[in-house]
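I have placed the structure first, in the form of structure tokens, so that the comments after it can refer back to it.
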Amino acid sequence: MRITVLGSAAGGGFPQWNCNCRNCAGQRVGSLRAKARTQSSIFIRPDDADDGVLFNASPDILEQIRANRALQPARALRDSAIAGVVLIDGQIDHATGLFMLRERSTPLPLWCTDPVAEDLTQGNPVLRVLGHYCGVHRHRIGLDGSPFEVPGVPGLVLRALPLQSKAAPYSPHRDDPVPGDNIGISITDVRSGRSLFYAPGLGEITPAVFDAMAGADAVMVDGTFWTDDEMLTQGVGKKRAHEIGHLAQHGPGGMVEWLSRLPPRTQRWLIHINNTNPILDEDSAERAALAHAGINVCEDGLQLQL
Ligand code: MLT
Ligand code: MN
Ligand code: ZN
């Protein structure tokens with residue numbers, strides 16, 4: 001399978017429109033070696049196919065499609081390589097792009113869990129609004145790990161795993177998490193047998209999550225924050241990483257430590273990186289520490305063959 005990182009930043013993107021933190025200001029004026037990034041989304045297609053699956057629909061989807069020609073194979077007057085959309089949560093950075101896909105003549109095939117469908121029908125009624133345009137053909141993602149495929153994308157098998165993270169602020173149960181608010185997805189190419197574990201929002205590595213990570217050839221996991229108090233110490237916010245459902249990378253019990261326990265052959269990638277994260281600065285000590293630990297940082301346009 002071929003994986004394209006469409007957007008590697010967390011909500012807000014990088015640089016964020018209203019932010020003058022060290023990273024955002026430095027990227028803007030060019031005093032920092034750091035690449036701009038759009039918001040969180042990946043696209044996966046089998047090796048010999050045009051059509052694939054869009055994982056999350058970011059507010060930047062139109063720019064992402066323009067930047068990645070493979071998403072517009074131009075086989076017909078109106079065309080797209082997006083055979084279906086899979087949501088890992090219902091947050092703004094993962095769901096708002098659904099609005100931008102409304103000019104279809106058929107309902108948009110969409111996979112999400114029941115809690116996400118509920119949030120996108122009530123707190124943020126994207127799916128109801130889309131009913132006035134192309135409509136949505138929603139498929140339920142179950143939480144028992146049973147495999148599913150997206151029609152039109154044969155040979156890619158998906159399995160969801162409920163994660164400890166956070167529902168969107170507009171969710172009626174933002175502070176009372178339910179299984180299915182957030183999922184990780186294992187994607188297996190049945191021909192090569194190779195697999196990716198994708199979890200851009202991951203608050204806690206439970207034994208089930210670690211097993212899923214250890215069973216994959218590559219992991220693409222939560223790279224939002226370097227430290228738990230990053231937004232506080234930089235003066236840009238009052239919330240800690242774990243309060244909004246993200247496991248920080250640095251220190252005991254952090255993502256770097258967990259990734260170091262994976263089998264040596266596992267490819268390790270961080271994705272969904274917040275604009276405050278020092279790993280965005282390619283000359284930072286934190287970025288060097290990741291390189292030393294064999295951990296890669298996703299950037300927009302990255303192509304991975306598995
Ligand atoms: C998150 O991943 O925590 C959210 O997407 C944050 C946001 O919506 O800004
Ligand atoms: Mn997010
Ligand atoms: Zn910033």
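Keep in mind that this is a model prediction, so the values were computed, not measured. Numbering of ligands and ligand atoms starts at 1, following listing order. FYI, the numbering just counts along the sequence from 1.
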(request) Report, in ascending order of atom number, the atoms of ligand 1 lying under 4.0 Å from any heavy atom of D93. (result) 5 (O)
(message) Can a donor-acceptor pair be found, under 3.5 Å and without considering hydrogens, that links the side chain of D300 to the backbone of S8?
(response) yes
(request) Return yes when H246 approaches ligand 1 closer than 4.0 angstrom through a heavy atom, no otherwise. (result) yes
(request) Please confirm if an N, O or S atom belonging to H94, backbone or side chain, lies less than 2.8 Å from the Mn ion (ligand 2). (result) no
(message) Let me check something: do Y133 and V126 share a hydrophobic cluster, defined by ILVMFWY side-chain heavy atoms less than 4.5 Å apart, either directly or through other members?
(response) yes
(request) Round to 10° and report the angle made at the Zn ion (ligand 3) by SG of C19 and OD1 of N275. (result) 110°
(request) Identify whether the distance between the nearest side-chain nitrogen and carboxylate oxygen of R191 and D47 falls below 4.0 Å. (result) no
(message) Looking at D114 and R140, is there a salt bridge between them, counting it only when a charged N and a carboxylate O are closer than 4.0 Å?
(response) yes
(message) Show the atoms of ligand 1 that are less than 4.0 angstrom away from any heavy atom in H272.
(response) 2 (O)
(request) Please write down residue, atom name and distance for the protein heavy atom closest to atom 4 (C) of ligand 1. (result) Q91 OE1, 3.3 Å
(request) Round to 10° and report the angle made at the Mn ion (ligand 2) by OD2 of D93 and NE2 of H272. (result) 90°
(request) Find the distance between CD (Q305) and CE (M1) and round it off to the nearest 0.5 Å. (result) 9.5 Å
(message) Between K166 and E243, does any side-chain N to carboxylate O distance fall below 4.0 Å?
(response) no
(message) Please report, to 10°, the angle around the Zn ion (ligand 3) from atom SG (C24) across to atom SG (C21).
(response) 110°
(request) For ligand 1, indicate whether the residue K166 contacts it via side chain, backbone, both or neither (heavy-atom separation under 4.0 Å). (result) neither
(request) Distance to 0.1 Å, residue and atom name: give those for the protein heavy atom nearest to atom 9 (O) of ligand 1. (result) G11 CA, 4.1 Å
(request) Taking all non-hydrogen atoms of both residues into account, name the closest pair between N274 and G11 and its distance. (result) OD1-O, 4.0 Å
